[in-house]
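To start, the structure itself, in structure tokens.
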Amino acid sequence: MIRDIILSNAMKVASKFTKNNKLAVLTYHQVSDVNSMHNLLSLDVELFEQHLVWLKRHFTVMDLNEAFHLMVTGNLPERAIVISIDDGYVDSYTTIFPLLQKHGLLASFFIATAGIDDGFLWDELVSSSIMSVPNSMTHIEFENQKISLTTYNEKLIAIADIIKKIKYASIKQRNVLIDELLMQTGSSRCEQQFLSKEHIVTLHRANMCIGAHTVNHPILACESDEVAEQEMLVSKQALENIIGEQVNFLAYPNGKPSKDFNKVHQQQAKKCEFVAAFSTEWGCSSNRDLFSLKRISLSDKSEFKFCMRIMLSYMS
Ligand SMILES: [Zn+2]
């Protein structure tokens, strides 16, 4: 096929401009069928599987522990890539894990541990409370603003709007705001949607890497230093108790350097005995700045664009 030849040649040309010993770490969140996509970070199942096929075809997909070791010793192969899945929703087990196994690939799962006990994280509670309002409820008041809920689309906009407003609140403030919301919508729980301890053990036994993503998924920069450190440490310990092994890696919630976490949190992650921590800053990881490693997030539907954007990241 001419398109395959063009892509393969473009990859070869791009390879000449990439830097050595660079690791691309792809980030995904939820993967679900189109009908249940209330979550803006969710990717359609077919597209996710297509990404796996493209990754296998053009890149060296690696386990994070192995890739990290090769990165710090300067021995990464060309086009080295790691797949990471953030948060810990149950589709990590029901959808993503079977697809990884089907294609013989490994990935890393960064889990916010409050979800293991509660069955969900705060953003899902917001989504489900808005989606389950009775038809008679045409709007709600949130933070002195009237938010319309008459159509499905309006509910999606409302969810995005409310999550955006709550995201940068501290855990304490967040709980107050969510309680106010739930008082109006009348719902207080949502279905169990998170990984269980058994799921995590199964993922670990299948050689998937288990990483920490704090307990409550706060923006660390919005918390006191003490709370921030506890969030990192307690999630690490909880996961270590589940898998019976050391948890080496952390992904900062939301993950924008300076804005969502800073040098203090990087020092704290080191003190908690993580060996490295990932941000969401766009780019490749390298053996510099191990507590603010970069990642990339892609939702491209074209093989050419998908591959070339990863190649571009190796040049950064
Ligand atoms: Zn997250």
Side-chain angles (χ1 to χ4, degrees), residues 25-32 37-43 48 64 82-93 95-96 107-128 159-160 162-171 174-175 178 190 193-195 199-200 203 208-223 227-228 230-236 238-239 247 249-262 265-266 268-269 272 274 276-282 285 291-299:
V25 181
L26 271 178
T27 314
Y28 294 96
H29 290 82
Q30 284 170 266
V31 173
S32 47
M37 274 197 203
H38 303 158
N39 192 320
L40 297 173
L41 294 169
S42 192
L43 200 73
F48 178 72
L64 177 55
V82 161
I83 301 165
S84 72
I85 320 285
D86 279 12
D87 295 339
Y89 276 100
V90 74
D91 59 291
S92 288
Y93 184 80
T95 309
I96 296 172
S108 301
F109 293 84
F110 290 103
I111 301 165
T113 50
I116 304 168
D117 295 322
D118 297 343
F120 48 83
L121 295 178
W122 71 271
D123 57 337
E124 200 56 45
L125 186 56
V126 169
S127 302
S128 75
I159 290 168
I162 292 170
I163 287 178
K164 199 172 154 198
K165 284 197 167 94
I166 296 180
K167 198 183 240 183
Y168 281 90
S170 67
I171 299 168
R174 180 207 290 171
N175 290 340
I178 291 177
C190 60
Q193 299 184 34
F194 216 77
L195 291 173
H199 291 150
I200 296 169
L203 289 172
M208 301 293 161
C209 176
I210 303 298
H213 196 37
T214 71
V215 178
N216 292 296
H217 205 283
I219 304 285
L220 293 171
C222 296
E223 303 294 337
V227 170
Q230 282 298 304
E231 281 285 328
M232 293 185 251
L233 184 63
V234 174
S235 70
K236 184 179 196 283
L239 292 166
V247 167
F249 301 101
L250 168 78
Y252 302 107
N254 221 46
K256 302 269 176 300
S258 305
K259 189 177 182 198
D260 300 333
F261 70 95
N262 56 44
H265 306 113
Q266 294 179 47
Q268 288 176 330
C272 293
F274 287 107
F278 290 89
S279 71
T280 54
E281 187 179 11
W282 199 93
S285 290
F291 287 85
S292 188
L293 294 172
K294 296 173 184 173
R295 296 191 287 176
I296 49 180
S297 175
L298 299 173
S299 52

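When reading the values below, keep in mind they use all heavy atoms of this one structure, side chains included, and skip hydrogens, waters and symmetry mates. We count ligands from 1, going down the list as the structure has it; atoms in each ligand are counted the same way.
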**OP:** For the pair Ser235 (side chain) and Thr113 (backbone), establish whether a donor and an acceptor sit closer than 3.5 Å, ignoring hydrogens and angles.
**Re:**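 Answer holds: no.
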Original post:
Counting only N and O atoms by type, is there a donor-acceptor contact under 3.5 Å from the side chain of Tyr252 to the main-chain atoms of Phe291?
Top reply: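 Indeed, once roles are kept as given, a pair shorter than 3.5 Å links the two residues.
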Original post:
Under 2.8 Å from the Zn ion (ligand 1), which protein atoms of type N, O or S occur, listed by chain and number?
Top reply: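 Sorted hits: Asp87 OD1, His213 NE2, His217 NE2.
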Original post:
Have Ser32 and Ser42 got a donor and an acceptor in their side chains that come within less than 3.5 Å?
Top reply: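 The answer is yes; a qualifying pair exists.
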Subject >> Leu203 side chain near Ile210 side chain, heavy-atom distance below 4.5 Å >> reply: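 Leu203 reaches Ile210 side chain to side chain.
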**OP:** Could you tell me whether the side chain of Gln30 reaches within less than 4.5 Å of the side chain of Ser92, counting heavy atoms only?
**Re:**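 Contact flag for Ser92/Gln30 side chains = no.
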**OP:** Not counting sequence neighbours, which residues clear side-chain contact (heavy atoms from CB on, under 4.5 Å) with Ala112? List them please.
**Re:**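 Residues passing side-chain contact (heavy atoms from CB on, under 4.5 Å) with Ala112: Leu121, His213, His217.
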